[in-house]
Amino acid sequence: MNLAELQKKLIAAARTNVPVDHVPYAFEKRVTALLASRVAAENMNLWVRGLWRAAVSCVAITVLLGAWAVLNPAKAATAGDDLSQNFESTLLASVDQPDQAQ
């Protein structure tokens, strides 16, 4: 939306309504100053393009890593490489040791 048109519409709407006592002095000037200080949408094009490029590269990396995980042949699990047994022995290592304070 064009900021000049928005400013004209806001001022026209403000002029049609009778001001009341609870509206602060120069309120419309503060609002229009805030609208003018905002970044225009045209300046955001560089950010949008950069973020889309980053998103595309992230998707490409995800697809490549997913394909590598699916197509990479898994190693044959040996008896010593059982994760559940390693985990259990690690958790119970302190229980299996005799008390050395005796």
Side-chain angles (χ1 to χ4, degrees):
M1 177 175 252
N2 190 358
L3 291 179
E5 291 177 24
L6 178 63
Q7 183 178 6
K8 288 178 185 177
K9 288 180 182 180
L10 286 174
I11 290 175
R15 287 183 180 156
T16 58
N17 295 331
V18 178
V20 293
D21 293 336
H22 70 276
V23 176
Y25 178 73
F27 176 75
E28 69 275 359
K29 289 183 182 182
R30 286 185 275 166
V31 169
T32 53
L34 284 173
L35 287 174
S37 69
R38 294 253 177 185
V39 177
E42 293 90 24
N43 296 340
M44 299 299 288
N45 288 339
L46 294 174
W47 279 98
V48 170
R49 254 188 278 151
L51 290 174
W52 272 111
R53 286 182 183 171
V56 168
S57 63
C58 288
V59 168
I61 290 170
T62 303
V63 167
L64 287 174
L65 290 176
W68 178 67
V70 169
L71 299 176
N72 191 17
K75 296 181 197 175
T78 61
D81 290 341
D82 190 14
L83 180 64
S84 63
Q85 293 299 322
N86 289 338
F87 184 70
E88 185 177 345
S89 64
T90 303
L91 285 179
L92 299 175
S94 63
V95 176
D96 291 339
Q97 294 178 355
D99 190 17
Q100 298 188 8
Q102 294 179 6

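For this chain, numbers begin at 1 and follow the sequence in order. Fair warning: this is a prediction, and the values are worked out from it, not measured in the lab.
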J.: Could you tell me whether a side-chain N or O of R53 sits under 3.5 Å from a main-chain N or O of V48, the two making a donor and an acceptor?
T.: no
J.: Could you identify which residues cluster with W68, counting Ile, Leu, Val, Met, Phe, Trp and Tyr as linked when any side-chain heavy atoms lie under 4.5 Å apart, either directly or through a chain of such contacts?
T.: none
J.: Clusters formed by hydrophobic residues whose side-chain heavy atoms approach within less than 4.5 Å: which one holds L83, and what are its other members?
T.: none
J.: Would you mind reporting whether T32 and L6 have side-chain heavy atoms less than 4.5 Å apart?
T.: no
J.: For N86 and S89, which heavy atoms make the closest approach, and how far apart are they?
T.: O-OG, 3.0 Å
J.: Roughly how far, to the nearest 0.5 Å, is NZ of K9 from CG of N2?
T.: 9.5 Å
J.: In the hydrophobic clustering that connects Ile, Leu, Val, Met, Phe, Trp and Tyr at side-chain heavy-atom distances below 4.5 Å, which members other than V59 occupy its cluster, ordered by chain and number?
T.: V63
J.: Which other residues belong to the hydrophobic cluster containing L65, where Ile, Leu, Val, Met, Phe, Trp and Tyr are joined when side-chain heavy atoms lie under 4.5 Å apart, directly or via other members?
T.: I61
J.: Taking side-chain contact (heavy atoms from CB on, under 4.5 Å) as the test, write out the residues that go with R15, two or more places apart.
T.: I11
J.: Got a second to check how far R30's CZ is from L34's CG, nearest 0.5 Å?
T.: 9.0 Å
J.: Please name all residues satisfying side-chain hydrogen bond (donor to acceptor under 3.5 Å, both in side chains) with T90, sequence neighbours left out, ordered by chain then number.
T.: none
J.: Identify the two heavy atoms, one from S57 and one from A54, that lie closest to each other, and give their separation to 0.1 Å.
T.: OG-O, 2.8 Å
